[in-house]
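Note sheet for the following structure.
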Amino acid sequence: MGCLGNLLWFIFGGAISALSWCVAGCLWCITVVGIPIGMQCFKFCFSPVVFPLGKEVRYGGGAVSLLVNIIWLIVSGLPLAIEHAVMGVILCVTVIGIPFGLQQFKLAKLALMPFGAEIY
C-alpha cells in the first residue's frame, strides 16, 4: 500500500511540492554562501517531499542550525510553508485526501525549520 500511496501522492501534490523545493534550492545555489542551504533543499526535495509516506522527521541541531533556520525562515521558509499549508487544506476537503493533507502539514513544519532535521 505504501508504494501505491506514494505514487498517488506524487500525482496529487508531490510533483508540485518537489518543484517548489527545487526552485528554492536553485535560487540558493546562485551564491557561493548559499550552496549548503541549496543542497539541503535538494536533499529534502527527493526523499521526504516526493515520497513522504512511511517517513518520519526528527528535529534537532545546535546553534548553527538555529541561525541558518532563522535566515531560511525569512528568505524561503515562509513561502514554502504557506504553499504546503494551503495544499494541505485543499486536500483535507475530501475524505480521500485527508492522509495526503496531513503529509502536506508535516512538510509545512519541515519547511519552517529544515536544518537540524533528520529523515527516518
Side-chain angles (χ1 to χ4, degrees):
M1 188 63 184
C3 183
L4 179 63
N6 278 325
L7 180 66
L8 290 173
W9 163 263
F10 184 75
I11 294 169
F12 295 114
I16 295 169
S17 298
L19 183 65
S20 298
W21 279 88
C22 279
V23 167
C26 288
L27 290 175
W28 276 103
C29 285
I30 290 173
T31 64
V32 174
V33 177
I35 290 176
I37 298 172
M39 296 306 291
Q40 186 79 352
C41 289
F42 293 134
K43 183 175 85 172
F44 284 141
C45 169
F46 295 113
S47 180
V49 175
V50 174
F51 301 115
L53 301 175
K55 303 245 184 343
E56 181 183 338
V57 179
R58 293 188 186 155
Y59 295 94
V64 175
S65 294
L66 178 66
L67 292 174
V68 176
N69 275 329
I70 291 171
I71 295 169
W72 165 263
L73 184 64
I74 294 168
V75 177
S76 299
L78 283 177
L80 282 173
I82 290 170
E83 175 195 351
H84 286 301
V86 168
M87 288 178 68
V89 168
I90 291 170
L91 286 168
C92 284
V93 170
T94 64
V95 174
I96 296 171
I98 290 175
F100 299 128
L102 295 176
Q103 292 299 318
Q104 287 286 1
F105 294 136
K106 179 174 79 172
L107 291 174
K109 183 179 175 184
L110 180 66
L112 288 175
M113 299 288 177
F115 298 97
E118 295 180 21
I119 309 301
Y120 293 101

Exercise. Show the numbers, then the answer: is there a side chain to side chain contact (heavy atoms under 4.5 Å, CB included) between Cys92 and Gln104?
Key: CA-CA 10 Å; Cys92 284; Gln104 287 286 1; over 6 Å; no
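- Taking every heavy atom of both residues into account, Ala85 and Ala108 meet most closely at N-CB, 4.1 Å.
- If you take OG on Ser17 and CZ on Phe10, they are separated by 10.5 Å, rounding to the nearest 0.5 Å.
- Ile37 pairs by the side chain to side chain contact (heavy atoms under 4.5 Å, CB included) definition with Trp28, Val68, Trp72, Phe115, not counting sequence neighbours.
- The shortest distance between side-chain heavy atoms of Leu102 and Lys106 does not fall below 4.5 Å.
- A 4.5 Å side-chain heavy-atom check between Val50 and Trp9 finds every atom pair outside the cut-off.
- Cluster annotation: Val93 is not connected to Phe100 through the hydrophobic network of ILVMFWY side chains, with a link wherever side-chain heavy atoms come within less than 4.5 Å.
- There is a path of hydrophobic side-chain contacts, each under 4.5 Å, that joins Ile30 to Val23.
- Hydrophobic cluster membership is shared by Tyr59 and Val64, with clusters built from Ile, Leu, Val, Met, Phe, Trp and Tyr side chains linked at under 4.5 angstrom.
- When all heavy atoms of Gly38 and Cys29 are compared, the pair lying nearest together is CA-SG, 3.8 Å.
- Expressed to the nearest 0.5 Å, how far CG of Leu78 lies from CG of Leu73 amounts to 4.5 Å.
- For Ile16, the CD1 atom counts as loosely surrounded, since its 6.0 Å shell holds 12 or fewer non-hydrogen atoms of other residues, nucleotides or ligands.
- Between Pro48 and Leu110, the closest heavy-atom pair is CG-CD2, 4.2 Å.
- Leu8 CG to Cys3 SG: the interatomic distance, rounded to the nearest 0.5 Å, is 10.0 Å.
- Taken to the nearest 0.5 Å, the CD1 atom of Ile70 stands 7.0 Å off from the CE atom of Met113.
- Closest approach of Val32 to Pro36, counting heavy atoms only: O-CD, 4.1 Å.
- Between Cys41 and Gly25, the closest heavy-atom pair is CB-CA, 3.6 Å.
- In this pair, His84 and Trp21 present their aromatic rings tilted. The plane angle is within the 30 to 60° band.
- The environment of Ile96 atom CD1 is sparse: at most 12 non-hydrogen atoms of other residues, nucleotides or ligands sit within 6.0 angstrom.
- If you take CG on Leu91 and CZ on Phe105, they are separated by 8.5 Å, rounding to the nearest 0.5 Å.
- If you run side-chain contact (heavy atoms from CB on, under 4.5 Å) between Val49 and each of Leu107, Leu19, Leu80, only Leu107 comes through.
- For the pair Met87 and Glu83, the minimum side-chain heavy-atom distance is below 4.5 Å.
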